[in-house]
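Here the structure is laid out as structure tokens; the discussion comes afterwards.
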Amino acid sequence: MIGIGYGSDYQTALEHARIALSASTEQQMRIVDATKRLSFPESGESVQYRVTDENAFDIIKRIGISPVNIGKILAFSKRKHEFTAKELTDYLGVSRRTTERLIKKLHDAGFVDVIGEEMSYAQGRPRAVYIFKLPS
């Protein structure tokens, strides 16, 4: 894993490098810039590590999801309004169990609803299909 941090001084850059290394993802390189934007150069994705958006901050306070995960979930919700747990797991780069916990927290707080099911295979359980109900 590689974590790169930028800042106006050594201490800030070091703190940002540590944040980059600690960000949970399967991507090998992460960068945190001086504004605390977390970037993943391999995929071209970036999320705000520092949450100042009022809606995102409200979600964090209400349900206790980390700023990084809220940033990623908000970015994902702009790309896909309807989703399965597997799609969110793949996007977040976390375990399926972590994704299920996040979805449960979002559902309990009224930010996600179940709207249907999909069958991926001929046998086995169907997957739940969710829809975001996030404030804009």
Query - Listed partners of F111 passing ring-ring contact (aromatic ring centres under 6.0 Å, His included), at least two apart - result: none

Say you draw a straight line from [atom1] of [X] to [atom2] of [Y]; how long is it, rounded to the nearest 0.5 Å?
X: T84; Y: E117; atom1: OG1; atom2: CD; answer: 12.5 Å
X: E82; Y: D113; atom1: CD; atom2: CG; answer: 11.5 Å
X: H107; Y: E100; atom1: NE2; atom2: CD; answer: 14.0 Å

Is any side-chain heavy atom of [X] closer than 4.5 Å to a side-chain heavy atom of [Y]?
X: V94; Y: T99; value: yes
X: T98; Y: T89; value: no
X: I63; Y: L106; value: yes

**Report entry** Within 6.0 angstrom of F132 CZ, more than 12 heavy atoms from elsewhere
**Finding:** yes

Query - Lys/Arg N to Asp/Glu carboxylate O, E87 vs K80, below 4.0 Å - result: yes

Report task. Spell out, as yes or no, whether a donor-acceptor pair under 3.5 Å connects the side chain of D9 to the backbone of Q11. Result -> yes

Query raised in the report: What pairs with R101 under side chain to side chain donor-acceptor pair (under 3.5 Å), at least two apart in sequence or on another chain?
Result: none

Query raised in the report: Are F83 and I131 connected in the hydrophobic side-chain network, where two residues link if heavy atoms are under 4.5 Å apart?
Result: no

Query raised in the report: With the 4.5 Å side-chain cut-off for hydrophobic clustering, are I31 and L14 part of the same group?
Result: no

Query - Evaluation steps, side chain to side chain contact (heavy atoms under 4.5 Å, CB included), between L102 and L92 - result: CA-CA 11 Å; L102 291 171; L92 295 176; 3.7 Å; yes

Report task. Evaluate side chain to side chain contact (heavy atoms under 4.5 Å, CB included) for L134 paired with L74, printing each intermediate quantity in order. Result -> CA-CA 8 Å; L134 297 169; L74 291 173; 3.7 Å; yes

Query - Closest heavy-atom pair and its distance - G7, A34 - result: CA-CB, 4.3 Å

Query - Closest contact, heavy atoms only, G3 versus A17 - result: O-CB, 3.9 Å

Requested in this report: Report the residue from I103, I115, L88 that forms a side-chain contact (heavy atoms from CB on, under 4.5 Å) with Y130.
Outcome: I103

